[in-house]
Amino acid sequence: MAAMGEAAPEVPPGVDPLYVAIVRFNRRDYGATIALCTQLLDAQPYDQAAWFLKTRALTMAVWIDDVEVDEEGVADALLDDNATASMPRPGTSLARPMTGAAAGGVNASVRPMSASGRPTTGFARPGTQSARPGTQSRGGTAGLAAAMGGGRLGTASRPMTSFGRLVRLGTASLAAAASGGAGGGPFIAVDRLDLRKYAERPTLARALFDYILYHDHNPKKALELAALATVATDFGEWWWKERLGKCYFQLGLLRDAEKQLRSSLAAQPTVLATLELARVYLRLDQPNAALDVYAKGADAFPHDVSLVVGQARTCDALNEGGRAVALYKRALALDATHVESLACLAAHHFYTDQPELALRFFRRLLQLGVSSTALWNNLALSCFYSAQYDLCLAAFERALALADDGEAGDVWYNVGQVAIGIGDLGLAYQAFKVAISVDTNHVESYANLGVLELRKGNLDAARANFQTVHEMAPHMFEPFFNGALLAFKLGDFQEAHDLASKAIGAFPEHHDSHELLRQLRQLFAHL
Amino acid sequence: MLIPAFKLDMKSPILPGLAVVGKYDGLSPCLTCATTAGRVFIHSPHERDQFTNAEMQHLNINRKITAIAAGVIDARSTKDALLVGAQTTLFAYDIRNNADIFYKDVPDGVNAMKVGMINAHDQPLAIVGGNCSIQGFDHEGAEQFWTVTGDNVACLEFCDVDSDGRMEMLVGSEDFEIRIFQDEEVVSEVTETAAVVGLAALRGTRYGYALANGTIGVYDRNQRVWRVKSKHTVSAIAGFDLDGDGEPELISGWTQGRLEVRSDRTGEVIYKDNLNQAVAAIVKADYRKDGNQQVIVCGADGEVRAYLPADAELNGNLMDANVELDTLHTLTERRAELQAELKSVQDNMKAAASGQDEAGLIPTSTKVSTSLSVSRHDRCVYLKVQSSTPDARVRAVCIFADQIFEGESHVAHDAGAAQAISVQLAPAKDVSALLAVNALVGGRGSSAYHVFELSARLPKFAMYARAAPEDGPEAASFVKLKVGERMPQVKKWVQGAFAPDVVPDDAGPGFSGLHVVSLRTGRRLGVLFENGVVTVQTDEMELAGDVVQDLCAALQLSELESDADFPSEMAAFQEVLARVDELNAVRLRMTADMADSSNLIKQLVLRAEDARMLGEIAMMRKAYTQLHALNQELIGEYRKRTNNHDQLLEALKEVNHMIQKAARLRAGQAKGRIVASCRNAIKSNNIHALFKIIQSGKE
């Protein structure tokens, strides 16, 4: 949107300004295109070509791939009434992923879990960090509070509604004013248009539609236009059906969206409609149906990466790590520069105790030009665990140099981990303290600090640290177990029992917690 | 004495008629019922949830559930799919995988649903009965079968009624009819006395039925075997062999909680039980997976009882009542009756012996006869019951007939005791009926009467009188049928189908015309025969259809094509189609508005809660005020939508009805073809073709 309000470029004498505008548009110089078209339209308000080009340029300037960045809003997730089954079989719903062993993936003791109880993926996308606030799992306001709290500092919290992320009311009106014609108002006042008239002109209608949806973010009006246009094309145009589906999806009318997208796919199989249909099923909490859609799409378009990655993401969300890895590999075979697949595979190898392999994937990412705190940090860890200590600290330094406040906490935490690994507990203690000072919500640092305090013999400090974690991260089982162990040693059996039970709640297969509980039960029986 | 095999309490209400047992993993039966708030619960005792150990699972449908079914719809699979019908949608769901199988808009509504095979299709279909239409969907949600029926479908059943080895589809609808479909075609119809609410296949060609007025009964090859009427309302019927004799009984559940098991041959009650709540549904399943089928009775408040067939040693004696006592009781009653009869005979004899005239005796030669006459003035048909001798007076008449009166019978008496009594008959529909007349005939002033049992036939088109010149011109609309040179048969048909004083006027050789006027509406009906072509002139397509169908039956025509021209009805039909389009457009717009508002509502709820958590009461109050206003607005919108939906439904029903009427102007293959091609025309939105099909019967 930076290109708005740009001055029109010089048009060489003897060259049609419209031609210049088209060239600029093709070079994605949307600001110049808009400025040129504005000039043209000032001279000739009914110049359709200029109008069309300006509409396209305005749309493209703010266009985002909404299939890719889609995230369910807090309101949609909390007030969810789309999911059919309230308690489906585990592994058939995003709300109830497979538990560790059953899925054949790694378990929580090896791979850290995100707040939603599934392993962290190698690639942060909307929704992978914070837990999906379920209506069923936790009671009303507790779930709400957790959902509003958002994820880690620096990772954006969820938008209010899925549509909410697309609409920024304040900026939208500013942008509209900036893009305006001579009068200073918005370029196209959609409310005043006779959509019926536009619906009969196929080319203009499409440009106008995209403008309404992507620039104005007005799915209701866009839907009206699309509905009129489908009628005008005798219900035969797959493009309009796909767009109808998009509108319905944004409005939350998932079943209508499903119908339109299916009909669009029947008329003309496209990757986009397939992705959108799968997205509808994911929103309906039917991951198996989504996987089915992806698989059918992948049959029709065997060389499309997005369909394979879509499957992989869904498998990841269902905690079926094994399947996901195979799919990421397939995606890489199709597109060797696919960053997400590389990152996910690297994470997989790292957590399956193959840091050397992970290192190769991370280096590949580096070669592709990705240079971020997270990457350097991961490189450092991989180096450390593959015994390349000389590279490890250098990488951490790079990571720290690149890190902003949001990420520095994570890096310092990992520095602390490495320090524990080399036995320098003093450095570790310092590192965790720094991590907490940067990011006061860094629960893992609190947990490790608690253990260190315990080693130092500061029982109260240790307890306080554990308690902080219990409140902030109920999805982590280690602090619960550590707390339980501490309470057990201190003779507070009741608390030990409570905490051990919670640890099992977070990680049902944790052997040590079970063992502790068994001992406790025996003790209780003796009493 | 039969006791329930097991009892369960589901702790959730069960909506009437909405229960089914499905094997969603192909093995374990799960009782699935619709409950309140648009939800379905699944009781799966054989597969508990691995974390919570719960037997119950709830599904949110979020719509008013109107029908529920389970069955294998994908021939390649062994697992049952759950099918849930709501007002305008059908939803097929794979419970095990938590995935849709299909989700379909069904604008005609889903009133009844069954999974079954239709002969012409080699795959199982989900058969859905809606408003005037029956649809069949395959496992991909594609419509494989479509036909129309007279009114809203209330129940569906499969039964081999004509024992030809192929299952027919039985459809009970609100217009009192049970229609039997062989593929798209109605092969026979049975007219009952109230809306049909339940059908149950028994054994072979027998099937049970239940009506809205509390009647249940059994038909065998469209002949009624027995029926019983109760003042209570029947809520569910099923066929199940409970006494272990190898023949299924008719089991009925009632809204006051009674459960009755009646023999399929005699209708005699062989077992009864009482639930503390209304019976909601009756299903059959091997619920304990021990190889024995049980009949499972679901109560409206969630009580579930299952009964196993009785052991052989019970000898079919399911009731615990003392047989001797019962017998004694009936015999005592019988004795009292006989004594009373004997006494009256003795009294009569005494009176005769004493020579008194008013002994109630009538001349032995007395005959009682009935006659029908049409009265234009009173707009009804008179049934006159007359005795042949003046001494024998007809004191009262008791008439039994289906569908003529509001109940099943009518009693008329004359205080003055004339020689004849006339009874007004004004059937609301054109039906032919057999009137069983009991005439009470006695002497003047006597207190004892003779009962004469007579029967009279009311012709189908009794409510039509000869047209007079003041009735206006003939109707402009007509339907023409080629029946061949069968003038005598046609004339015979007229004699049988119309009142006796309605006769055709002959006007030249090979030409004859019948001109009558309806007593109900005052509209003209003309039937002209000319050189083997019959022209039915009427403005009402439905009436024309009735006439054509009756004529076909009388002439034993199995195939009949016709040309129809109903300008006024077609104009009205065009308006209906335009209205459907308009209502659909409005609905689309309102749906989008509604979705927009509900997004806003969600946002406001969160904003308000957020403010509450932050302690910002002023902001919270603001948000809640907005929420309240928006909510009111939504409720208003909802009313509009309901209105729109009702109107749309009505219009769609009219469309289906029109197709049905057009089909009834033909017979045999032409009838089925018209239904199919009309459906195609409507699907492709080709109004022009639709009109042509209705008129000529061809595409």
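Sequence lines set the chain letters: A, B, ... in the order given, protein chains first and strands last, and positions in each chain run from 1.
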(request) Identify which part of A/L251 has an atom lying under 4.5 Å from any heavy atom of chain B, answering side chain, backbone, both or neither. (result) both
(message) I need the B/L588 CG to A/L244 CG distance, nearest 0.5 Å.
(response) 8.0 Å
(request) State, yes or no, whether a side-chain contact exists between B/F102 and A/R262 at a heavy-atom distance under 4.5 Å. (result) no
(request) Using atom types as modelled and distance alone, determine if a side-chain donor or acceptor of B/N97 lies under 3.5 Å from a backbone N or O of A/N288. (result) no
(request) Locate the shortest heavy-atom distance separating B/D100 from A/Q286; write the atom from each residue and the value. (result) OD1-NE2, 2.6 Å
(message) Below 4.5 Å, heavy-atom pairs only: which of B/I42, B/N62, B/I601, B/T89 has the largest tally toward chain A?
(response) B/N62
(request) Kindly compute the distance separating CG (A/D256) from OH (B/Y103), expressed to the nearest 0.5 Å. (result) 8.0 Å
(message) More than 12 heavy atoms of other residues, nucleotides or ligands under 6.0 Å from NE2 of B/H628: yes or no?
(response) no
(message) Please classify the contact between B/D94 and chain A as side chain, backbone, both or neither, with a heavy-atom cut-off of under 4.5 Å.
(response) neither
(message) Just verifying a value: how many Å separate B/D593 CG and A/E224 CD, rounded to the nearest 0.5 Å?
(response) 8.5 Å
(message) Within this structure, what is the CG-NZ distance for the pair B/D596 and A/K221, rounded to the nearest 0.5 Å?
(response) 11.5 Å
(message) Heavy-atom cut-off 4.5 Å, strictly under: side chain, backbone, both or neither for B/R96 against chain A?
(response) both
(request) Could you tell me which portion of B/T591 (side chain, backbone, both or neither) has an atom closer than 4.5 angstrom to a non-hydrogen atom of chain A? (result) both
(message) Nearest 0.5 Å, please: how far is NZ in B/K104 from CZ in A/R255?
(response) 13.0 Å
(request) Taking the side chain as every heavy atom from C-beta outward, state whether A/K259 and B/D105 have any pair of such atoms under 4.5 Å apart. (result) yes
(request) Measure the spacing between CE of B/M594 and CG of A/L253 and express it to the nearest 0.5 Å. (result) 10.0 Å
